[in-house]
Amino acid sequence: MVKRLQVVIVALFALAACQPLALTSTSVNNPLNSGYPVSTSTAPVWIETVSSGISVGMWQHPGWEANTTNGIVLVETLNHASGGLVAYMFVPRLENSALEIAETEHGSYALDVLNAVVANSNQNIHASAPTHFMWDGFDCAYYLLSGSDGVHALVLALTEPQTHQLVVFNVSAASSAAALIRSRLPDLLDGMSINGHTFSAEALDVLPDPLPFPHYNIAATPTPHSD
């Protein structure tokens, strides 16, 4: 499970080609040796941590493995034929990145950052255009991606209004389990906390159902050629 956790997350963020949002295999150690173990409770367990000075918290549901070394990582450990989900919430240090973020007239920092992320993605992923929405008065945006390795993911960003820092939430799955992302999202994010503000999943009703993940067509990927 630990190897799967590292491979899936590294693949997701490496494909996104966005260093400030990256999580490397060296930054996630064995989740069974740090953070919280696999939940054996029949009820959700509250977990929280501080990421880049921002307090974040989520419910760890039964059958999920958790790690709080760098933000909150949740890995579904139930045995599904198509595999489980991997979720990750963290606060990137964008001030140390080389990402060029252009401020636009719509005034959404979350949307500006995700537009920059998509613009700098590489040919190993296909990403949707980021979409803006409001969640409990918080500025938010999201986009969907499909990778060459079959990973599908939802990338969601929220602007913390007091510090103007971005809180990022990603949830990914193999293409065969991608439909689970939308159906599990309310349970994953209902009750989520950022700097003491508790969010209701009702605002997520604005997201399409099912999620229209972009189609990754390997044949359409450009290949080098000589004249």
Side-chain angles (χ1 to χ4, degrees), residues 4-6 8-14 16 18-25 27-29 31 34-39 44-61 63-77 84-94 97 109-111 113-114 117 130 133 135-136 138-145 151-173 180-182 184-201 203-204 207 211:
R4 173 179 170 271
L5 166 66
Q6 295 177 350
V8 170
I9 293 179
V10 170
L12 172 59
F13 293 104
C18 178
Q19 292 304 316
L21 305 189
L23 174 68
T24 65
S25 59
S27 65
V28 176
N29 298 315
S34 62
Y36 294 77
V38 176
S39 176
V45 175
W46 181 252
I47 57 174
E48 59 185 322
T49 189
V50 175
S51 179
S52 299
I54 301 294
S55 173
V56 293
M58 297 177 67
W59 289 104
Q60 178 188 1
H61 292 273
W64 288 75
E65 183 177 2
N67 175 274
T68 57
T69 304
N70 293 276
I72 297 176
V73 178
L74 291 170
V75 182
E76 192 176 23
T77 58
L85 306 184
V86 177
Y88 179 38
M89 183 165 69
F90 66 110
V91 180
R93 293 190 176 276
L94 295 175
S97 76
Y109 181 61
L111 185 58
V113 172
L114 293 195
V117 171
F133 70 104
W135 187 357
D136 287 5
F138 282 60
D139 163 47
C140 301
Y142 75 93
Y143 70 90
L144 306 172
L145 69 83
V151 171
H152 284 49
L154 165 73
V155 180
L156 189 153
L158 306 88
T159 306
E160 202 288 316
Q162 299 301 318
T163 63
H164 200 62
Q165 287 181 272
L166 206 68
V167 180
V168 179
F169 176 81
N170 302 279
V171 57
S172 63
L180 295 176
I181 293 177
R182 183 63 181 87
R184 302 274 175 80
L185 203 59
D187 285 340
L188 278 172
L189 294 183
D190 192 43
M192 176 185 73
S193 174
I194 297 176
N195 271 358
H197 180 88
T198 301
F199 290 81
S200 168
L204 299 177
L207 273 62
L211 294 172

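By convention here, the first residue in the shown sequence is residue 1.
When side chains are defined from C-beta on, Val117 does not count as touching Val155, because their heavy atoms never get closer than 4.5 Å. Using a 4.5 Å cut-off on side-chain heavy atoms (C-beta onward), Leu185 and Phe169 make contact. Contact check for Tyr142 versus Leu154: side-chain heavy atoms found under the 4.5 Å cut-off. Side chains of Val171 and Leu189 form no contact here, defined as non-hydrogen atoms less than 4.5 Å apart.
One N or O on the side chain of Ser51 and one on the backbone of Val91 form a donor-acceptor pair closer than 3.5 Å. Side chain of Gln165 to main chain of Ser52: a donor-acceptor pair is present (N/O by atom type, distance under 3.5 Å, no hydrogens or angles). In this structure, Trp135 contributes its side chain and Ala141 its backbone to no donor-acceptor pair below 3.5 Å. For the pair Glu48 (side chain) and Gly57 (backbone), a donor-acceptor distance under 3.5 Å is absent. In this structure, the side chain of Asp136 does not engage the main chain of Phe138 through any donor-acceptor pair within 3.5 Å. Here the side chain of Tyr109 pairs no donor or acceptor atom with the backbone of Pro161 at under 3.5 angstrom.
From Thr49, atom OG1 reaches atom CE of Met89 across 9.5 Å, with rounding to the nearest 0.5 Å. Note that CD1 of Ile47 is 7.0 Å distant from OG1 of Thr68, once rounded to the nearest 0.5 Å. With values rounded to the nearest 0.5 angstrom, Glu76 atom CD is found 7.0 Å from Leu180 atom CG. To the nearest 0.5 angstrom, Trp59 atom CH2 is 14.0 Å from Met192 atom CE. Separating the CD1 atom in Ile194 from the OG1 atom in Thr163 is a distance of 9.5 Å, to the nearest 0.5 Å.
A pairwise comparison of heavy atoms in Glu160 and Gln162 identifies OE1-N, 3.0 Å as the closest pair. Taking all atoms of both residues into account, the shortest heavy-atom contact from Ile181 to His152 is CD1-O, 3.7 Å. Looking at every heavy atom in both residues, Gly53 comes nearest to Asn195 through O-OD1, 4.5 Å.
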Please report the C-alpha distance between Val168 and Tyr88 in whole Å, then the side-chain angles of each, then the deciding distance to 0.1 Å, and finally whether the side chain to side chain contact (heavy atoms under 4.5 Å, CB included) criterion is met.
CA-CA 8 Å; Val168 179; Tyr88 179 38; over 6 Å; no
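Using a 30° and 60° split on the angle between ring planes, Phe199 and His197 fall in the perpendicular class, above 60°.
Under the side-chain contact (heavy atoms from CB on, under 4.5 Å) test applied with Thr69, the options Asn67, Val73, Ile72 reduce to a single match, Asn67.
Residues satisfying the side chain to side chain donor-acceptor pair (under 3.5 Å) test with Asp187, not counting sequence neighbours, are none. A search for side chain to side chain donor-acceptor pair (under 3.5 Å) contacts involving Thr159 returns Asp139, not counting sequence neighbours. Not counting sequence neighbours, the partners of Ala201 by the side chain to side chain contact (heavy atoms under 4.5 Å, CB included) test are Pro186, Asp190, Leu204.
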